[in-house]
4 protein chains.
Amino acid sequence: MFRRAILDAAEAVFAERGFHAARIQDVAERAQIAVGTVYNHFAQKEDVLLALFTERMRDMHAELVAEPSPPEAFADRLLHWLTRMLRFVDRHRSFFAVASEHGLTAPRPPSATEAIFGDARPFERIDADFRSLVRDGVAEGAIAGDARLLTRFLVGTIHAIVFGAVADGRARIEDEAPRIAALFLRGALARPGEPPPAKRSPRPKRAAR
Amino acid sequence: MFRRAILDAAEAVFAERGFHAARIQDVAERAQIAVGTVYNHFAQKEDVLLALFTERMRDMHAELVAEPSPPEAFADRLLHWLTRMLRFVDRHRSFFAVASEHGLTAPRPPSATEAIFGDARPFERIDADFRSLVRDGVAEGAIAGDARLLTRFLVGTIHAIVFGAVADGRARIEDEAPRIAALFLRGALARPGEPPPAKRSPRPKRAAR
Amino acid sequence: MFRRAILDAAEAVFAERGFHAARIQDVAERAQIAVGTVYNHFAQKEDVLLALFTERMRDMHAELVAEPSPPEAFADRLLHWLTRMLRFVDRHRSFFAVASEHGLTAPRPPSATEAIFGDARPFERIDADFRSLVRDGVAEGAIAGDARLLTRFLVGTIHAIVFGAVADGRARIEDEAPRIAALFLRGALARPGEPPPAKRSPRPKRAAR
Amino acid sequence: MFRRAILDAAEAVFAERGFHAARIQDVAERAQIAVGTVYNHFAQKEDVLLALFTERMRDMHAELVAEPSPPEAFADRLLHWLTRMLRFVDRHRSFFAVASEHGLTAPRPPSATEAIFGDARPFERIDADFRSLVRDGVAEGAIAGDARLLTRFLVGTIHAIVFGAVADGRARIEDEAPRIAALFLRGALARPGEPPPAKRSPRPKRAAR
DNA sequence: CATGAATGAGATTTCATTCAT
DNA sequence: GATGAATGAAATCTCATTCAT
């Protein structure tokens, strides 16, 4: 089935060039098929992007709910959840580069979104997953504050650390999960008496600062 | 001088439609000038975006360094700094919508950036400002961890809260400064004994959730 | 294949309007195809001109070498050669109008040529053919002088007579071959004792002047 | 008066880039004036070219008739005439590069000419001068043939030798006059018993061939 | 008259989309 | 379905020309 090949190719090409600058021709070439074939599967360019988002988000959701977090303490569940999520991100780095441009991690102006997605909301379910995780934490008193706000905070933290790690060329993004969890939960404040917080896992080439 | 008008128009149009989808024609119309006039000031479309980034970032930097933070405790300085920054953001909301798409708040793949900016790095200075703030906090022991990581965390937090506020249509973004500072410093963890953290400042129209 | 049709159309349009004044649109219309189709075959307008020159010159060269001149006296070989050449010119009158503007019959300033051809030299081979003919004549003592100069003189003579004939609307350009040969070999000088030189072959419509 | 400066600048720029590729801006810059000033003197770009042709041709004509050829033998008069002409060409090399593109030495398709000149015929008078010279030669029996044809032959010969000399970078074009006269009068034929024809004046750098 | 920024028609070129094979 | 050349609307960019200063 070429549908799969097209979406994989689109993921790579859109990530490299950006959706608008990418040409259907490029996608077809990367998928080693003819342009016409792309149009046998998708009515228009926008639909490729939408399908890409929908499928990847469906997969990610499926993976996250497949093994529901055991009823441990929230901090453990969060870490577990983040690890599984980042493992998925790792396998689809290009995808997240594309998705972050199109509103995965921050709301985009409606006009920009409508032009591409119409009224589809491909990120809605995954967003609900995040919010649900956070809401549970609030409900059981582990974290405190407005769930909506905290969800954004969590997503923002993930966004910043993940893209930072990608830019640094780190190999295993899931290793960032503890750092993300720690920052999300306890912030940056130095806590005397506590063991010194992660100064970033040392990398061979450069000494930790 | 139309240069200013062009950049203002571009800011609005790019924010609405995204850089790639925006046509020079749109920018010209919004600026109430002819297409050719845009090209009297900028050789290519990309240069408009680059100039926009460069100028706004210059202004922002100027505003941040104009009144250096007094030597208070780090938390106070952070709050002060954030407030001034958000005041600027407030006056240039559209700009930040554009800029966040092009790498202001998280690194973008080099291929995507090069295509537009060549080797210009319009966000370098403001990034240094952020890092310098964070580094000071680390140096005086107020916050702990890798400065680079913490800077990303801070920027990510700002990003999340600011765009959330914009999406919610909040009027004064600078009012978010305390929330950002609190999340950045102490994270989301519920701290028994502390007064319950802001459950989001109530807005007249809609009850806080 | 439209490549052929495009080149034929370009030949006509460039001849009529000149290369610079001609629009790709005109070429496409004349070829009865869409503008985009031209760009499926040639990356830029200049490439159409270059391809036109390259192909026609290749054909002309092929035709000239196909039937090598028999080892007669030089004057006979020259006449034979000119006749075949003019026969080709006749079938591609428009082409020669274009080509003479771009350096076929006299060197153009390098700046003008580079802008269009880069470092391609489409006339090089045909020029070599001319020079080789002349050189042979010099070698066997039939004509005397610097081969390079004489080649230019020959080409100049052809140019003058051919375009004169075209402007006069003469039907068969190959009929000019004897006149060209005579002028090239013996010049304009009146030679007492010789039969009076052709006062121009009379045309039905207008009396020779 | 700027009119003169504009025409001089136009001569240079048109020669370098060709008329169509040259921008009025370039002409203005070369003349060290503003674009608007060009339009204070000429209604449109085409008029600059036309004026350039008209004035230079007027000057050339004036120079040729200023000192009428003495009643010597035709060959001497021809040489004298050519020398004066080439001296003028030498002072306006760029001009002749432009003029040859626009029909000075070969008829151009009417549509191409009309687009630029309307119904002006800037080369008419100089053409008449040439024809008159040739006609006299025919009248007194020095040369034989159709005057119109011989005129074209003469012009073609000049064209070929002059542009060849320019391309070779020769310093004094008027030195070519004897060569042109010889070729025009006697052609290329080797004439046993005659002194060997010019094998091209030797140049320091390269040995004569 | 000189100036040069503004204008906008128009040319080149790109690329999503179609469709005959 | 797959193919890929053809299509032509649309975008970028150029530049002759205008006109307020």
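Chain letters run A, B, ... following the sequence lines, proteins first, then strands; residues in each count from 1. Predicted, not measured: the structure shown is a model, and the values here were computed from it.
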How many angstroms lie between atom [atom1] of [X] and atom [atom2] of [Y], to the nearest 0.5 angstrom?
X         : Y        : atom1 : atom2 : result
Phe123(B) : Met57(B) : CZ    : CE    : 6.5 Å
Ile24(C)  : Tyr39(C) : CD1   : OH    : 4.5 Å
Phe53(A)  : Leu7(A)  : CZ    : CG    : 11.0 Å

Take atom CZ of Arg91(D) as the centre, draw a 6.0 Å sphere, and report whether it contains more than 12 heavy atoms from other residues, nucleotides or ligands. yes
Got a sec: does the CZ of Arg17(D) have more than 12 other heavy atoms crowding it under 6.0 Å? no
Do the side chains of Arg30(A) and Glu16(A) get close enough for a salt bridge, i.e. N-O under 4.0 angstrom?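 Looking at Glu16(A) together with Arg30(A), the answer is yes, because their closest N to O distance falls below 4.0 Å.
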Nucleotides 16-21 of chain E: protein proximity per nucleotide (B base, S sugar-phosphate only, - neither; heavy atom, under 4.0 Å): SBB---
Under the 3.5 Å Watson-Crick or G-U criterion, the dot-bracket string of DNA chain F, with | for inter-strand pairs: .||||||||||||||||||||
Check whether any side-chain heavy atom of Leu49(C) sits under 4.5 Å from a side-chain heavy atom of Phe117(C), and report yes or no.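 Contact flag for Leu49(C)/Phe117(C) side chains = yes.
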Roughly how many Å is it from [atom1] in [X] to [atom2] in [N], rounded to a whole number?
X        : N       : atom1 : atom2 : answer
Glu29(D) : dT3(E)  : CD    : P     : 13 Å
Phe42(C) : dA6(F)  : CZ    : P     : 12 Å
Arg3(D)  : dA2(E)  : CZ    : P     : 13 Å
Asp26(C) : dA11(E) : CG    : P     : 8 Å

Among the nucleotides dT3(E), dA6(E), dA2(F), which one has an atom lying closest to any side-chain atom of His41(A)? dA2(F)
If you assign Ala34(C) and Ala34(A) each to the DNA chain F nucleotide with the nearest heavy atom, which residue ends up on the more 5' nucleotide?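 By nearest-heavy-atom nucleotide position, the 5'-most residue is Ala34(A).
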Could you pull out all residues at least two apart from Arg56(C) that satisfy side chain to side chain contact (heavy atoms under 4.5 Å, CB included)? Asp8(C), Glu11(C), Leu52(C), His92(C), Phe95(C)
